[in-house]
> 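Pasting a structure here, questions to come.
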Amino acid sequence: MCGIVGYIGTKRAYPILIKGLKRLEYRGYDSAGVAMISDSGDLNVYKAKGKVDNLTEYCSDKDVSGCVGIAHTRWATHGEPSARNAHPHYSQSRNLAIIHNGIIENYADIKTKLQAQGVEFKSDTDTEVLVRLVEYIMEKKNLSLLEAVQVALHQVIGAYAIAIVDKRDPRQIIAARKQSPLVVGIGENEFFLGSDASPIIDYTDKVVYLEDGNIAVIRLGAELRVMSILGEEQELKVKTVDINLGQIEKGGYEHFMLKEIFEQPECLKNCMRGRINVEGDHVTLSAMIDYRQQLLNAKRIIIVACGTSWHAGLIGKQLFESLCRIPVEVEYASEFRYRDPVIYPDDVVIAISQSGETADTLAAIELARKAGAFVFGVCNAIGASIPRQTQTGVYIHVGPEIGVASTKAFTGQVTVLSMLALCLANERRTIPGEQYKEMVAELTRIPEKMEEALKTNEQIERLAPIFTYAKNCLYLGRGYNYPLALEGALKLKEISYIHAEGYPAAEMKHGPIALIDSEMPVFVIATRDRLYEKVISNIQEVRARGGRVTALVTEGDTQICKFADHVITLPDTLECFQPLIASIPLQLLAYHIAVCKGKDVDRPRNLAKSVTVE
Ligand code: F6R
């Protein structure tokens with residue numbers, strides 16, 4: 001939620017900041033803004049509602065000189081999206097400017113107290129309260145910027161990643177974080193700031209991921225200093241990032257989402273590389289070696305996640321229960337954290353998150369750790385908060401996901417959960433050795449089968465215009481395909497703004513069937529598995545009420561085409577891996593429908609890629 005960029009060095013700050021903002025636009029695009037200390041020593045703040053391009057247009061006739069600056073792309077929480085509420089925010093004297101990602105929960109109290117002291121406000125945001133508090137403390141107590149930030153951060157409750165500049169000291173940026181991510185890049189006589197490493201990697205691969213409660217003093221001509229809010233110096237943990245630019249650029253595709261859909265076969269190979277042996281019949285996960293006992297002795301698994309990651313968790317539940325015979329609960333992290341759940345020390349909690357920064361999932365992890373459970377992370381973003389706050393885990397290694405609608409992260413998560421379930425099942429002897437080997441071998445064939453599934457792209461592109469009229473759609477599936485029905489519906493909702501619901505196909509007769517008429521497209525995942533015959537009956541129930549059925553079927557299917565209006569054919573695989581294949585046409589369907597409707601596929605309204613607020 002909200003993207004932060006900063007630069008201090010000897011180069012022009014403006015182009016670096018703008019390029020960085022574009023990389024971070026996935027985090028929010030309600031407004032964008034920059035603050036730069038100009039060559040003549042002015043602190044210029046420029047902001048515009050909407051995307052970064054609106055900001056660059058606005059800045060086209062402005063003074064954008066200067067070698068120090070901070071910039072922000074916003075996902076609104078407090079205050080409507082507008083230029084007035086856009087960051088950066090000035091302090092009252094206009095000597096300071098701040099950018100912020102997070103929420104200051106007690107901002108209203110602080111604001112009232114400051115107003116009583118004569119402090120004025122120009123915006124409705126919680127962020128402006130923070131910069132005005134910092135200035136008030138500086139003046140009242142005669143403190144330096146650093147000292148005032150330390151005092152102010154003691155008074156605020158909430159989550160933040162912030163950066164502040166002071167025009168009277170153009171060689172310094174002060175940054176701090178609590179529960180919102182912040183990375184400092186270290187170059188040759190220059191420093192960078194980013195909500196993640198993507199705005200930094202063009203210039204340096206040396207980064208420091210700030211920890212919760214850390215303040216960074218970024219001073220030109222000096223070493224980076226990191227300290228706690230209390231002022232205790234922290235050891236500098238410099239890491240080398242390993243993301244290449246090709247991974248975050250569109251590579252010839254019209255949208256990141258389409259690129260990421262097409263990348264999936266390669267991504268899954270990367271996900272399995274080094275984990276499945278060359279013979280393709282055995283999985284080794286280092287987490288299983290290091291924490292074997294904790295994982296093998298699990299009496300119960302609790303999966304916590306949000307959105308698409310939660311759907312992957314539902315597939316994980318079926319895998320762990322059927323292959324490992326371990327009971328599994330799948331929880332929305334946002335509910336779990338506030339529900340006073342029963343957690344035992346011999347529970348294994350698996351937290352799934354693409355970004356590794358989802359605030360609700362982080363809070364659920366904290367709760368589980370306090371209860372003494374062993375917490376295992378399944379994450380994509382390297383070095384993010386979740387892998388740092390879990391005891392161990394597995395990266396999905398699908399590369400940066402930029403499209404706001406998650407695609408390759410979903411299949412990466414399901415692949416990691418499949419590998420983990422297979423490892424555990426083999427060690428616990430809950431499946432025969434031969435079955436284990438066959439299943440591992442089939443998993444290695446999935447990328448090839450995904451390539452086949454991607455060939456449905458043209459057919460789906462042709463079908464898509466038929467569905468643009470729809471106001472509602474239904475997605476049906478059973479068994480492993482039920483979570484996929486939920487995921488297919490979520491993809492359509494997110495990017496085409498068509499209301500869609502996923503249902504277990506047999507539940508339809510308990511209510512939703514009343515919705516069926518000839519206006520209602522129904523997408524049925526009807527691949528060949530144990531429940532195939534039953535799904536055929538469900539399709540007939542829909543047809544009998546005039547519903548329009550598009551079915552995803554397994555190659556060689558001759559039955560379903562008799563009842564379905566459209567049939568999309570997919571390669572066969574084991575039932576538990578079917579979602580990996582069938583997710584592809586569902587992602588493509590959502591994509592092409594949204595494109596036909598002229599929607600901004602990579603930046604759907606009201607959404608952000610990384611939800612760092614609760
Ligand atoms: C949907 C989507 C979201 C995320 C959810 C959790 O396409 O992207 O539903 O899955 O916000 O995000 P992560 O996985 O980063 O914790």
Side-chain angles (χ1 to χ4, degrees), residues 1-3 24 26-28 75 101 179-181 195-196 198 255-258 260-261 264 303-316 330-337 349-365 375 377-390 393-396 398-414 416-417 475 483-484 486-497 500 502 583 586-591 594 599-614:
M1 284 313 79
C2 302
L24 291 180
Y26 71 86
R27 301 178 65 87
W75 187 81
N101 165 29
Q179 291 169 26
S180 296
S195 294
D196 63 32
S198 64
H255 296 98
F256 280 113
M257 183 178 175
L258 191 61
E260 288 162 4
I261 293 173
Q264 289 176 100
I303 296 179
V304 290
C306 302
T308 288
S309 301
W310 185 79
H311 296 156
L314 291 176
I315 296 173
V330 187
E331 299 270 359
Y332 285 118
S334 53
E335 289 295 311
F336 183 76
R337 63 182 291 192
V349 172
I350 301 183
I352 309 175
S353 173
Q354 186 287 128
S355 61
E357 299 293 351
T358 300
D360 287 321
T361 311
L362 278 162
I365 290 171
V375 187
V378 175
C379 186
N380 189 32
I382 314 286
S385 300
I386 288 179
R388 285 184 283 135
Q389 285 176 29
T390 44
V394 179
Y395 280 116
I396 62 175
V398 298
E401 191 179 62
I402 307 294
V404 166
S406 189
T407 51
K408 61 179 182 171
F410 174 72
T411 46
Q413 289 163 347
V414 173
V416 160
L417 294 170
Y475 285 71
L484 196 59
L486 295 177
E487 176 59 7
L490 177 62
K491 289 289 88 90
L492 188 72
K493 279 188 268 212
E494 280 181 295
I495 58 171
S496 70
Y497 317 144
S583 56
L586 295 181
Q587 294 163 352
L588 287 169
L589 202 59
Y591 171 81
K599 303 298 178 206
D600 189 345
V601 172
D602 283 334
R603 285 168 297 194
R605 70 184 179 204
N606 305 340
L607 293 178
K609 184 72 187 156
S610 174
V611 186
T612 53
V613 294
E614 51 168 297

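Values below: every heavy atom of this structure, side chains too, minus hydrogens, waters and symmetry copies. Both counts, for ligands and for their atoms, begin at 1 and track the order of listing.
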> Check whether the side chains of Q354 and S406 place a donor and an acceptor atom closer than 3.5 Å, and report yes or no.
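No pair is found: no donor N or O on one side chain lies under 3.5 Å from an acceptor on the other.
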> Which atoms of ligand 1 have any heavy atom of S353 under 4.0 Å away?
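Under 4.0 Å from S353, ligand 1 has these atoms: 13 (P), 14 (O), 15 (O), 16 (O).
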> I need the atoms of ligand 1 closer than 4.0 Å to a non-hydrogen atom of V404, numbered in the order shown.
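Atoms satisfying the 4.0 Å criterion: 7 (O), 8 (O).
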> Under 4.0 Å from ligand 1, counting heavy atoms only, is it the side chain of E494, its backbone, both or neither?
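E494 to ligand 1: side-chain contact only, backbone stays beyond 4.0 Å.
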> So, Y475 side chain and L492 main chain: donor-acceptor pair closer than 3.5 Å or not?
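No, because the side chain of Y475 does not come within donor-acceptor range (under 3.5 Å) of the backbone of L492.
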> Using the side chain to side chain contact (heavy atoms under 4.5 Å, CB included) rule, pick out the option among I352, V304, L486, I303 that qualifies with W310.
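Single side chain to side chain contact (heavy atoms under 4.5 Å, CB included) partner of W310 among I352, V304, L486, I303: L486.
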> Using distance alone, decide if ligand 1 has a nitrogen or oxygen within less than 3.5 Å of any nitrogen or oxygen in Q354.
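There is such a contact, yes.
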> So, D602 side chain and M257 main chain: donor-acceptor pair closer than 3.5 Å or not?
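Yes.
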> Donor-acceptor pair, K599 side chain versus S496 backbone, under 3.5 Å?
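Judged by distance alone, no pair lies under 3.5 Å.
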> Go through ligand 1 atom by atom and flag the ones less than 4.0 Å from a non-hydrogen atom of A405.
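Going through ligand 1 atom by atom, the ones under 4.0 Å from A405 are 7 (O).
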> Please determine whether side chain to side chain donor-acceptor pair (under 3.5 Å) holds for the pair Q264 and T411, giving the CA-CA distance in whole Å, both sets of side-chain angles, and the decisive distance to 0.1 Å.
CA-CA 8 Å; Q264 289 176 100; T411 46; 2.7 Å; yes
> To which of V304, T308, T358 does the heavy atom nearest atom 4 (C) of ligand 1 belong?
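Among V304, T308, T358, the closest heavy atom to atom 4 (C) of ligand 1 belongs to T308.
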> Using distance alone, determine whether K491 and ligand 1 share an N or O pair under 3.5 Å.
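Yes, at least one N or O pair falls under 3.5 Å.
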